[in-house]
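The next block holds one structure in the form of structure tokens; read it before the comments.
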Amino acid sequence: MAKELAFTCTACGAATSKWSGKCEACGAWNTIQEDTGLAAGPKKTSIGGRRGKTLTLTDLATQEAAPPRTLAGVEELDRVLGGGLVKASALLVGGDPGIGKSTLMLQAAARFARNGLKVIYISGEESNAQVQMRARRLGLDKSPVMLASDTNLRDILTTLEQEKPDLTIIDSIQTMWADHVDSAPGSVSQVRTCAHELTNFAKTHDMSVIMVGHVTKEGAIAGPRVVEHMVDTVLYFEGERGHQFRILRSVKNRFGPADEIGVFEMTSKGLAEVRNPSALFLSERGEPAPGSVVFAGIEGTRPVLCEIQALVAPSPHSQPRRSVVGWDGGRLAMIMAVLESRCGVPFTGLDVYLNVAGGLRISEPAADLAVAAALVSAREDAALPKEAVIFGEISLSGALRPVIQTENRLKEAQKLGFTTAIMPRAPKGTGASGLDLREMKDLAGFVEHVFGERQG
Ligand code: TYD
Ligand code: MG
């Protein structure tokens, strides 16, 4: 019988049949340890002495059936979910405190319940009476959603095991408490453990779970970020508190496109869908003013028009201010540098403020040209034509690059009554749009075309 290789070097992994002070293979001292694995099977495949079961392997071609989905019947929500709620999926909905997460969740719970799911809503923050009061305000008190107010994870899982719901909403994950973890609710280890247990439970019990998470300032309390990698879908609920618009954005989705948005309006009777966000974002726009530009953007799969506003004023400070809301500050600095070095439009000694109206947050580089236009328009105190939309990416050389989905942007602009588009050269195959297209090669040419004279 072959000798059992019962000892392993913890440094190089070499197996030997007897213990020695020095590993013959790598020469390290005191690294040989006896294996604790059982005699059955090769030692290397056992963990803590136990072997696992054999996996069933498949190939790349065999298609598994798509997971079943349930529609909420709220188009803005279903689109962000990638076409409804996937069975046995785990979701995270993050957002600032007070932004409307609980309101959204209660409304979604009622919709899913109406469409046949058994839904349990567990609040760790509010009493049943408080949730019921909100339900009354939203006109949802007749909805068959079941309710509990608790934070003990063990009790919650026991209840879920008995009740067998199709969907459970946990509001919020930061209030949940696993009694076998020795730290306070809201700490990183508690949030992580609770999210992990709930996700696991969901996968093994054919239940979907939506966990609400507060975005927190850096500090002792764990934000939703520590949970993001565990779940299938991560949605963020964004908006300005003083504004009525709310945007639900998917930042990760294993079952659909990421970066999709749903637009809602917070009313006195809860969140209402906004079917045509472009009209909403432009509704507050008055007569053409210097510094105001309409950007034809794309959010996820949908075109969205919005207004970009810039203000440029002489600075009393030795270090002029650059303030941005709704766009990337680093990108603003880049656009100003290109304007200065390629077009002779300097911003030295000037404070610069940039704002995306309506509380929208834009991350596409296609907004470059609209931002540049707003900056120059504000600096020159010259309004742009009211009937024009602008988009295009700017490279460091000052050249304009074509952007994705040009045709969709143009169609949306036309739908909203715009007649002109100022943009990079349209990619080949872009269909006719009925708009007057002013295709520009570079930023300097754009500044000259729109503002008449080159600064020098
Ligand atoms: P909430 O859903 O409690 O926010 P979160 O769970 O993200 O902390 O809602 C917060 C705000 O929404 C609250 O200040 C009141 C307002 N609100 C309305 O304007 N209309 C409504 O119908 C409801 C229910 C809330
Ligand atoms: Mg809440």
Side-chain angles (χ1 to χ4, degrees), residues 72-74 76-77 80-81 91-114 119-143 145-151 153 156 167-177 185-186 190-191 194-195 198 209-217 219 221-228 231 233-251 261-274 280 358-361:
V74 180
E76 295 298 303
L77 176 61
V80 175
L81 291 172
L91 294 87
L92 173 73
V93 176
D96 288 329
I99 205 71
K101 299 181 295 300
S102 300
T103 308
L104 177 71
M105 286 301 104
L106 196 58
Q107 288 185 268
R111 288 302 193 121
F112 284 121
R114 198 176 71 182
V119 185
I120 296 187
Y121 183 106
I122 296 176
S123 178
E125 308 199 327
E126 290 159 308
S127 65
N128 286 343
Q130 280 170 305
V131 180
Q132 284 160 346
M133 208 163 77
R134 178 178 292 132
R136 259 199 305 283
R137 175 171 177 183
L138 300 172
L140 299 173
D141 43 339
K142 300 275 184 321
S143 167
V145 175
M146 280 176 299
L147 203 62
S149 172
D150 212 296
T151 59
L153 185 71
I156 291 172
L167 167 65
T168 299
I169 293 170
I170 302 287
D171 187 2
S172 65
I173 190 66
Q174 276 116 337
T175 54
M176 293 298 133
W177 177 65
Q190 278 289 359
V191 167
C194 291
L198 282 161
V209 61
I210 305 181
M211 296 175 270
V212 172
H214 294 296
V215 173
T216 46
K217 302 266 175 293
I221 310 215
R225 296 236 164 246
V226 302
V227 181
E228 278 185 1
V231 295
T233 303
V234 178
L235 309 179
Y236 277 93
F237 205 36
E238 309 169 343
E240 305 288 322
R241 276 261 216 130
H243 252 294
Q244 74 272 36
F245 313 136
R246 299 283 181 269
I247 289 156
L248 186 65
R249 185 187 294 276
S250 70
V251 298
I261 66 165
V263 184
F264 297 89
E265 191 175 353
M266 182 61 99
T267 69
S268 60
K269 286 201 170 60
L271 291 154
E273 302 187 74
V274 174
L280 179 85
L360 190 65
R361 214 167 288 168

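Both ligands and their constituent atoms are indexed starting at 1 by order of listing. Everything numeric in this text was worked out from a predicted model, so none of it was measured. Along the sequence shown, residues are numbered consecutively beginning with 1.
- The shortest contact between atom 25 (C) of ligand 1 and any protein heavy atom is with Thr103 OG1, 3.9 Å.
- Looking only at heavy atoms of the protein, atom 6 (O) of ligand 1 is closest to Ser102 OG, 2.7 Å.
- Between the Glu273 side chain and the Glu76 main chain, a donor and an acceptor come within less than 3.5 Å of each other.
- The shortest N/O to N/O separation between Leu138 and ligand 1 does not fall below 3.5 Å.
- Ser149 and Asn128 form no side-chain donor-acceptor contact under 3.5 Å, judged by distance and modelled atom types alone.
- Contacts with ligand 1 closer than 4.0 Å are made by side-chain heavy atoms of Arg134 only, the backbone lying farther away.
- Although no hydrogens or angles enter the test, the distance criterion places a donor-acceptor pair under 3.5 Å between the side chain of Lys101 and the main chain of Gly95.
- Looking at atom 12 (O) of ligand 1, its nearest protein heavy atom turns out to be Met266 CE, 3.3 Å.
- Residue Ser102 counts as close to the Mg ion (ligand 2), with an N, O or S atom under 2.8 Å.
- Atom OH of residue Tyr121 and atom CG of residue Leu147 lie 8.0 Å apart, to the nearest 0.5 angstrom.
- Protein heavy atom closest to atom 23 (C) of ligand 1, with residue, atom name and distance, is Arg137 CZ, 3.7 Å.
- Contact check on Arg249 versus Glu238 returns a salt bridge, with a Lys/Arg side-chain nitrogen under 4.0 Å from an Asp/Glu carboxylate oxygen.
- Listed by number with element, the atoms of ligand 1 under 4.0 Å from a non-hydrogen atom of Lys269 are 22 (O).
- In terms of heavy-atom proximity, Asp171 sits nearest to Ser102 at OD2-OG, 2.6 Å.
- Residue Ser268 has at least one N or O atom closer than 3.5 Å to an N or O atom of ligand 1.
- Inside a 4.0 Å radius of atom 15 (C) of ligand 1 there is not any protein heavy atom.
- The distance from ligand 1 to the heavy atoms of Thr267 drops below 4.0 Å at these ligand atoms: 18 (C), 19 (O), 20 (N), 21 (C), 22 (O).
- Closest to atom 13 (C) of ligand 1, if we only count protein heavy atoms, is Gly98 O, 4.7 Å.
- Put simply, CG on Leu104 and CG on Leu235 are 8.5 Å apart, with the number rounded to the nearest 0.5 Å.
- The OG1 atom of Thr151 sits 11.0 Å away from atom CD of Glu125, with the distance rounded to the nearest 0.5 Å.
- Side-chain atoms of Gln190 never come within 3.5 Å of backbone atoms of Gln174 as a donor-acceptor pair (strictly under, hydrogens ignored).
- For atom 4 (O) of ligand 1, the closest heavy atom belonging to the protein is Gly100 N, 3.1 Å.
- Looking at atom 22 (O) of ligand 1, its nearest protein heavy atom turns out to be Gly270 N, 2.7 Å.
- Note: no N/O pair closer than 3.5 Å links Pro97 and ligand 1 by distance alone.
- Atom CD1 of Ile120 and atom CG of Leu167 lie 9.5 Å apart (nearest 0.5 Å).
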